[in-house]
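Notes to accompany the following structure.
Nothing here was measured: the structure is a model prediction, and the numbers come from that model. Whatever order the structure lists them in is the order used to number ligands and atoms, beginning at 1.
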Amino acid sequence: MTTMSAETTKRALLLENIDAGAVDLLESEGWKVEHETRALGEDELIDRLDGIHVLGIRSKTEATARVLQQAPDLVALGAFCIGTNQIDLSAASQQGVAVFNAPFSNTRSVVELVLAEIISLYRRLGDKSHKMHQGVWDKSAVGSHEVRGRRLGIIGYGKIGSQLSVLAEALGLQVRFYDILDRLALGNARQCGSLEELLAESDIVTLHVDGRPGNSGMFGEREFALMPQGSMFLNLSRGFVVDHAALREHLESGHLAGAAIDVFPEEPAGRGDEFRSELRGMPNVILTPHVGGSTEEAQTDIGQFVAGKLRDFCSEGSTALSVNLPELLLARRDGTHRMAHLHRNVPGVLAKVNGILGDHGVNVEGQLLGTRGELGYVLTDIVADYAPELVRNLQDLPETVRLHVLH
Ligand code: NAD
């Protein structure tokens, strides 16, 4: 594996039509950036990674163990999206490749759609618009309501759930939430002690849980039955958490007054493919093709966010919000050199690193160590000029995974 030094001109390969803002940001740092609109298959990707330090992908390029093992120059991988399922994270860690993603760049987009849908459900906007397109002028207030004062029950009070809480209160909704973890209740929101409590006292139930395996089918017949007569249901989290057959029954019986669903247990592979669901054709049911987070603003934000993380890693060794490495952030001090040493997390490595520095008569000006799983990561700032042997000695430690001399 190569060592990245301060003199190295960084080369990046960005695939899958990553936002132009990311290219601009990295080029403004003096990097050479190649970009492609498409995803690359395994063999082509391996060929293209020769001499590439940083790879940017979205969801379609698979960063497999084989790819990562055959890319000795690669030091960082940016997933310009939210999920990282397309990356073999364990192989990335073994190779000392830092992985970054954009965990909250589309949070606001999802929240805005949820709010739009809550209002739309209470005004039956989908049905009214559909009738107008068919030439039917159905001017009536029956079945249309304001949302002000209604009780919003949020299940999963993470990034999306908590931001929804804040904006929903501004609309006059009374917010309560249920989360498996204790969460800080924002504004006037109230945490419910159980899912049952939340379901019994919410006019609107909206799911924002994560995709952990235990959440598969977590919302079905029992949970729908606990919701009050005439309530609304939304799911913009994961398709597999909801039993759609049970949802259909509760809509058909009139127990639920409407639903908005953005994610499905089975989603078509590509644009234009037929969408199949038992929820098609139902009144006051808003169906959207997994677009909760899909806005141009979110794409721009993802580009800036991930490119910024890749730049900070290559220039400062910063691993804040890294998906796989120990998270370290050490403020830069003028006039120092910084060494970033990634190693196997076994006892005594820090002593060995500092022993080598001491042997070369080099004083440590600043140092930060973090560990995560099988990896340890230490950032060390030194003032003195150093001999090339010092770098070699650090590289030659049996525990060394990667060494970068950053500035
Ligand atoms: P997050 O990890 O910040 O929050 C998830 C929260 O759910 C956590 O607080 C967790 O403790 C809680 N939780 C998990 N299981 C639970 C359970 N069974 N009951 C109660 N609480 C539970 O995630 P986030 O960024 O807020 O995203 C939420 C969901 O939205 C994720 O599933 C994500 O994939 C999805 N999402 C969808 C879109 C879209 O386009 N529709 C876009 C972005 C995110």
Side-chain angles (χ1 to χ4, degrees), residues 58-59 79-87 100-118 152-168 175-186 189-200 202 205-220 222-224 226-227 233-244 259-268 271 275 277 279 286-302 305-306 321 323:
R58 290 172 68 185
S59 57
F80 285 76
C81 51
I82 315 300
T84 52
N85 292 344
Q86 72 283 36
I87 300 169
F100 297 94
N101 68 341
F104 37 75
S105 290
N106 64 7
T107 300
R108 173 71 189 216
S109 301
V110 178
V111 170
E112 288 193 12
L113 187 61
V114 172
L115 291 171
E117 290 182 337
I118 290 171
L152 173 65
I154 300 173
I155 303 174
Y157 204 67
K159 293 180 280 296
I160 293 173
S162 58
Q163 183 159 171
L164 172 63
S165 169
V166 173
L167 296 190
V175 178
R176 69 249 12 251
F177 65 90
Y178 170 69
D179 199 293
I180 45 175
L181 301 178
D182 282 329
R183 294 288 190 200
L184 171 68
L186 301 178
R190 184 172 66 75
Q191 181 154 16
C192 292
S194 69
L195 180 59
E196 291 72 19
E197 181 188 336
L198 176 129
L199 295 176
S202 297
V205 169
T206 183
L207 275 180
H208 300 289
V209 298
D210 54 51
R212 70 187 69 200
N215 282 342
S216 178
M218 67 161 278
F219 212 97
R222 190 186 81 92
E223 289 70 28
F224 285 122
L226 290 170
M227 290 171 62
F233 177 78
L234 294 91
N235 182 21
L236 289 87
S237 62
R238 298 292 178 104
F240 64 81
V241 302
V242 176
D243 177 348
H244 281 192
I261 307 293
D262 186 48
V263 287
F264 301 86
E266 278 160 31
E267 298 182 358
R271 260 168 103 172
F275 162 66
S277 165
L279 301 176
I286 300 170
L287 302 179
T288 45
H290 204 149
V291 289
S294 304
T295 62
E296 293 186 14
E297 287 76 10
Q299 286 307 317
T300 304
D301 199 80
I302 288 170
F305 187 89
V306 180
L321 292 180
V323 177

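- Within 6.0 Å of CD in E266 there are 12 or fewer heavy atoms belonging to other residues, nucleotides or ligands.
- Near R183, with a cut-off below 4.0 Å to any heavy atom, the atoms of ligand 1 are 8 (C), 9 (O), 11 (O).
- Ranked by closest heavy atom to atom 12 (C) of ligand 1, the top entry among N215, V241, V114, D179 is D179.
- Here the shortest heavy-atom pairing between A79 and G83 reads CB-O, 4.1 Å.
- If you number the atoms of ligand 1 from 1 as listed, the ones under 4.0 Å from a heavy atom of G292 come out as 39 (C), 40 (O), 41 (N).
- The closest approach between any non-hydrogen atom of T107 and ligand 1 is not below 4.0 Å.
- Ring geometry for F104 against F305 counts as perpendicular: the plane angle is over 60°, on a 0 to 90° scale with 30° as the lower cut.
- Of all non-hydrogen atoms in F100 and V306, the two that sit nearest each other are O-CG1, 4.3 Å.
- Scanning the protein for heavy atoms near atom 2 (O) of ligand 1, the closest one is K159 NZ, 3.8 Å.
- Residue, atom and distance of the protein heavy atom nearest to atom 28 (C) of ligand 1 are H208 O, 3.3 Å.
- For atom 40 (O) of ligand 1, the nearest protein heavy atom (residue, atom name, distance) is G293 N, 3.0 Å.
- For ligand 1, the atoms closer than 4.0 angstrom to any heavy atom of L181 are 11 (O).
- Near H290, meaning under 4.0 Å from one of its heavy atoms, ligand 1 places the atoms 39 (C), 40 (O), 41 (N).
- Summarising the contacts of atom 36 (N) of ligand 1 with L113, V111, L198, L236, the nearest heavy atom is found in L236.
- Among all non-hydrogen protein atoms, the one lying nearest atom 42 (C) of ligand 1 is V110 CG2, 3.4 Å.
- The ligand atoms of ligand 1 that sit less than 4.0 angstrom from a heavy atom of N106 are 42 (C), 43 (C).
- The only option from I160, V166, L236 that meets the side chain to side chain contact (heavy atoms under 4.5 Å, CB included) definition with V111 turns out to be I160.
- Here the protein heavy atom with the shortest distance to atom 4 (O) of ligand 1 is G158 CA, 3.2 Å.
- Between the side chain of Q191 and the backbone N or O of R183 there is at least one donor-acceptor pair closer than 3.5 Å.
- Nearest approach of C192 to Y178, heavy atoms of both residues: O-CD1, 3.7 Å.
- Scanning all protein heavy atoms for the shortest distance to atom 41 (N) of ligand 1 gives D262 OD2, 2.8 Å.
- Here the heavy atom of the protein found nearest to atom 33 (C) of ligand 1 is R238 NE, 3.9 Å.
- Heavy-atom proximity to atom 14 (C) of ligand 1, evaluated over N235, D210, T288, is greatest for D210.
- Residues D179 and L181 approach most closely at OD1-N, 2.9 Å, considering heavy atoms.
- Closest approach of K159 to T107, counting heavy atoms only: O-CG2, 3.4 Å.
- Remark: side-chain polar atoms of D262 are paired, donor with acceptor, to backbone N or O of G292 under 3.5 angstrom.
- A pairwise comparison of heavy atoms in S105 and D301 identifies OG-OD2, 2.9 Å as the closest pair.
- Of the listed residues (L164, I82, I160), the one carrying the non-hydrogen atom nearest atom 44 (C) of ligand 1 is I160.
- Among all non-hydrogen protein atoms, the one lying nearest atom 31 (C) of ligand 1 is V209 O, 3.2 Å.
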